[in-house]
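Lettering of chains follows the sequences in order, A, B, ..., and the numbering in each one begins at 1.
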Amino acid sequence: MNKVVHLHPMDDFKARSKAVLDNAGQRKNFRGAMDFLQAKRRAQFPDQDEMQGLRELGASIRRYSLAHLPRLLEQLEANLTANGVQVHWAQNGPEANAIALKIAQRVDAKRIIKGKSMVSEEVGFNHFMEAAGIEAFESDMGEYIVQLAGEAPSHIIMPAIHKTKQEIAQLFAEEIPGVAYTEDVDALIQIGRRVLRRKFAEADIGLSGVNFTVAETGTLCLVENEGNGRMCTTVPKVHIAITGIEKVVEKLEHVPPLLSLLTRSATGQAVTTYVNMISGPRRPDEKDGPQEVHLILLDNGRTQAYADDELRATLQCIRCGACMNHCPVYARIGGHAYGTTYPGPIGSIISPHMLGLDTTFPLAFASTLCGACSEVCPVKIPITDILVRLRNEAQARPETEEATLRGSGAARTLAASTAWGMWAQVYSKSGLYKLASWFMSRGRALSPSEQGAWTRSRTPLVPASKRLRDLMKDHKS
Amino acid sequence: MNSYGLTDRSYPSKPTDVYLFATCLIDQFTPQAGLDTVKLLEREGIRVHYPEQQTCCGQPAHSSGYPDEARSVALAQLNLFIEPWPVVVPSGSCGGMMRTHYPHLFADDPELHAKAMALADRIYELSEFLVHVVNFNHEDIGEACTIALHTSCHARRQMGVHETSAALLDSLDKVQVKEQARIEECCGFGGTFALLYPDISEAIATDKVASIKNTGASCVVSADCGCLLNISGRSAKQDELSGCKQPSLPGEHLASFLWRRTNGGAA
Ligand code: SF4
């Protein structure tokens, strides 16, 4: 855990992408994983009508929850408090970390065992705790692997998806004392488990994420496959859960449809091995369970999305990862290239609110707008429309009413806006267009053989000698 | 309902007149596809009207993040189709722009919005129109051949018409359509995406070319010019680099392919 990688600035997004594009091994890993996950999801939705009906239901539950967000959050806090859960509000990452540290210091904690939590990645929890002298240990197998390698997750559901079996074998042999190199997957998992067992027993605090919070009952819902989530939330004497404010739903009955959409879309499972519903700490008559349960509710830019009628849909997300599993760009460059905690299409639309559009706008443009993400999104987020909106924002005139987000206008350049202005002049005036296209076809012999980025990979575009409008004249006569 | 919220549409019976919106790419780069579209429709006894002032649907600016510029170009098209005839577009991408985005572009102007809605309702992608409205049924008089079909992402997901191009090819007796792996995946064009992120675009296009070639198809047919220019342009570049003289994966627009196969080569 000594090699700390800080992924942030966007300026080298292209360079990072290129590095993966040139790495045949990684390309193969991602492609294989994406094909596998796509097939698993497809098998879960054999009936198109059932799927569309469930997506519609899931989307309306999420839209309803967001439409009533302030009220539901108040209700959630009241009911959690009544259940004995301590609720904390954090405006940003540093605040969330400080809240957790205060709890840790109060109970004199030395070790934290972690269940999988992307929000904890978002706030840089592990590094913060380590700097404060507290060990934060990942117990999800994928997270454990990336932590051991000093990396960040490259996928929100499968953190170590970029790693081959051989790389993991190598990593274990190098980093875990007394472990010999083996490519036997079962043996590797056993090795990991043995390490983790001990960690569970030693930990003072368990940290977990949350999939849904239920306002009406004050419940934290958490799904997982390895049982580590249940261990983290029950074995240590303190459990801290951390999640975004948007994860709330009103009623318990809202959870099953979302759960079904989540697990089928994410891993192609009808249901996960574990579904945890946590409604408070150990009661006086109970023998086990944590003595304290805390929930940290994080904003970190989410209210900016919430405040915008169109962008609010971004918060419908249930973090299933299906959009990245079906994204032709993600499949080629993997998660690390994005340089954000959340990669892929969801990362491109949520990160601007967390980090500012000024540093993240290249991601909004890094899409063909093919719509595969919107098509599979279980809660029907219009991802491509949101990407286009972010492109508009990125090139808005700063300090006008066009620019509504943190970092709006950062991508605007005089050269590009002038060029598009001229383009619009030509294409909105048929006289100008006719003249321009006439010159293009007359001058076709002069068409450049070098057409910038286009001809690096393709043969040049050469205008036809006669335009359709010319052919039509001949055709009519 | 598709991911763009379009519900299954009901189709009119065969009209006497249609408009053609031919797109700027066809006008300038593959005009034969436009002319073949006209011939396919005229053969069915339909009069085809081609408003000469048409230019571009505005999509390049729209998807590049220049909504005002997109709007002014879209506005110039909005007034060209006065009669209540269907508007046939030999591109799922431009058709998708007009059908799904025009109403949003003019959302804040009730009059223009109503116009955009009325136009959107009359937009038909060519293959969709040939199957559902015209009932295309002609004898295949070409040589036996094996081809692959690439359907654009916008035809597939925005217009929801991925089945109609396949159905048209299926109706040709001597044409065998081989299905490439990951048939639903994008070709990597994405308009200005290809210029902004050439490396990623190239990687996607290279994979698309490979998956099509792996089927043994002799050419790739698509109802979208943008994808065709990308896929066959990528393949031709590879040919050039490897010293291959004959194009190993020529592309042909669906309209031209259909016309060639069912017209016996007569003009
Ligand atoms: S945006 Fe949709 S598809 Fe992507 S992770 Fe969120 S819920 Fe899943």
Side-chain angles (χ1 to χ4, degrees), chain A residues 14 17-18 21 27 35 52 56 328-329 332-333 364-372 374-375 377 380 382 385 388 390-395 411 417 420-421 423-424 426-430 433-434 437 440-441 452-459 461-464 466-472 475, chain B residues 1-4 22 24 26-32 34-35 38 50 52-56 58 60-70 72-73 75-76 153-154 157-158 184-186 188-191 193-206 229-230 233-234 236-237 240:
Chain A
K14 277 190 181 180
S17 320
K18 184 83 173 80
L21 291 171
R27 287 276 296 278
D35 287 348
Q52 297 306 359
E56 193 50 58
V329 173
R332 304 293 178 315
I333 64 173
F365 291 88
S367 161
T368 64
L369 303 180
C370 74
S374 316
E375 185 179 47
C377 176
K380 301 184 73 167
D385 291 345
V388 169
L390 293 171
R391 293 177 184 190
N392 298 349
E393 285 283 347
Q395 292 167 144
S417 52
W420 279 105
W423 180 88
V426 171
Y427 281 81
S428 61
K429 305 213 168 43
S430 67
Y433 169 79
K434 282 185 215 164
S437 60
M440 274 176 62
S441 44
W454 180 264
T455 43
R456 271 174 47 194
S457 321
R458 303 164 197 84
T459 45
L461 294 172
V462 182
K466 285 188 170 185
R467 301 163 302 172
L468 177 61
R469 58 200 66 233
D470 306 320
L471 295 182
M472 285 300 276
H475 177 68
Chain B
M1 194 149 75
N2 72 4
S3 54
Y4 282 81
C24 60
I26 285 187
D27 187 32
Q28 290 171 45
F29 295 101
T30 54
Q32 194 58 43
L35 192 61
V38 174
Y50 172 74
E52 248 241 312
Q53 291 101 305
Q54 63 181 271
T55 60
C56 165
H62 178 260
S63 58
S64 298
Y66 289 92
D68 294 346
E69 287 74 3
S72 73
V73 171
L75 186 62
C153 297
H154 291 164
R157 304 196 179 93
Q158 230 172 14
E184 295 176 2
E185 195 174 74
C186 180
F189 175 47
F193 170 81
L195 306 176
L196 283 174
Y197 294 103
D199 297 321
I200 305 175
S201 177
E202 179 189 301
I204 304 176
T206 305
L229 291 169
N230 180 45
R234 175 69 193 132
K237 181 82 176 188
E240 204 177 280

| request: Report the option among B:Ser64, B:Gly190, B:Cys56 that has the most heavy-atom pairs separated by less than 4.5 Å from atoms of chain A. | output: B:Ser64

| said: To check you understand the geometry: which heavy-atom pair defines the closest contact between B:Glu69 and A:Trp423, and what is its length? | reply: O-CZ3, 4.4 Å

| query | Is there side-chain contact between A:Leu468 and B:Tyr50, with at least one heavy-atom pair below 4.5 Å? | reply | yes

| Can you say whether A:Lys466 sits under 4.5 Å from chain B via the side chain, the backbone, both, or neither, judging by heavy atoms? | backbone

| field | Side-chain touch A:Lys14/B:Asp199, heavy atoms, less than 4.5 angstrom | value | no

| said: At a heavy-atom distance under 4.5 Å, which candidate from B:Gln32, B:Gln53, B:Glu240, B:Glu184 has the highest pair count against chain A? | reply: B:Gln53

| query | Contact part of B:Gln28 toward chain A, heavy-atom cut-off under 4.5 Å: side chain, backbone, both or neither? | reply | both

| What distance separates A:Leu369 CG from B:Phe193 CZ, expressed to the nearest 0.5 Å? | 9.5 Å

| Quick one: do the A:Arg458 and B:Ser201 side chains pair a donor with an acceptor below 3.5 Å? | yes

| query | Backbone N or O of B:Asp27 within a donor-acceptor pair of the A:Arg469 side chain at under 3.5 Å? | reply | no

| said: Need one label for A:Asp35: side chain, backbone, both or neither, based on atoms under 4.5 Å from any heavy atom in chain B. | reply: side chain

| When you measure from the side chain of B:Arg157 to the backbone N and O of A:Cys370, does any donor-acceptor pair fall under 3.5 Å? | yes

| Looking at side-chain heavy atoms only, is the closest gap between B:Leu195 and A:Trp454 below 4.5 Å? | yes

| task | Would you check if A:Ser457 and B:Arg234 make a side-chain contact, meaning some heavy-atom pair closer than 4.5 Å? | result | yes

| Which portion of B:Asp68 sits near chain A, non-hydrogen atoms under 4.5 angstrom | side chain

| field | Atom group of A:Ser417 that falls short of 4.5 Å from chain B, counting heavy atoms | value | both

| request: State, with a plain yes or no, whether a side-chain heavy atom of B:Glu52 is found less than 4.5 Å away from one of A:Lys434. | output: yes

| remark: Most contact-rich option vs chain B, by heavy-atom pairs under 4.5 angstrom, among A:Ala364, A:Ser437, A:Ser367, is A:Ser367

| query | Donor-acceptor pair, B:Gln158 side chain versus A:Gly371 backbone, under 3.5 Å? | reply | no

| When heavy-atom pairs shorter than 4.5 Å are enumerated against chain A, which of B:Gly233, B:Ala236, B:Ala76 gives the highest number? | B:Gly233

| Under 4.5 Å from a heavy atom of chain B, the part of A:Ile333 involved | side chain

| said: Please classify the contact of A:Ser441 with chain B as side chain, backbone, both or neither, using a heavy-atom distance under 4.5 Å. | reply: neither

| Closest heavy-atom pair and its distance - A:Asn392, B:Pro67 | OD1-CD, 3.4 Å

| query | Under a 4.5 Å heavy-atom cutoff, which of B:Leu35, B:Ile26, B:Thr30 has the most pairs with chain A? | reply | B:Leu35

| said: Using the ring pair (Phe, Tyr, Trp, His ring centres under 6.0 Å) criterion, which residues pair with B:Tyr66? Sequence neighbours excluded. | reply: A:Trp420

| Portion of A:Leu21 that has a non-hydrogen atom of chain B nearer than 4.5 angstrom | side chain

| Is B:Phe29 close to A:Met440 at the side-chain level, that is, under 4.5 Å between some pair of heavy atoms? | yes

| field | Interchain contact, A:Arg332 with chain B, by part (heavy-atom threshold 4.5 Å) | value | side chain

| query | So which of A:Val329, A:Leu390, A:Asp470, A:Val426 has the biggest tally of heavy-atom pairs under 4.5 Å with chain B? | reply | A:Val329

| query | Based on non-hydrogen pairs under 4.5 Å, which of A:Gly452, A:Ala366, A:Ala411 is most in contact with chain B? | reply | A:Ala366

| field | Set of residues satisfying salt bridge (Lys or Arg N to Asp or Glu O under 4.0 Å) with respect to A:Glu393, sequence neighbours excluded | value | A:Arg389

| request: Could you tell me which of B:Gly58, B:Gly34, B:Ser63 has the largest number of non-hydrogen atom pairs under 4.5 Å with chain A? | output: B:Ser63

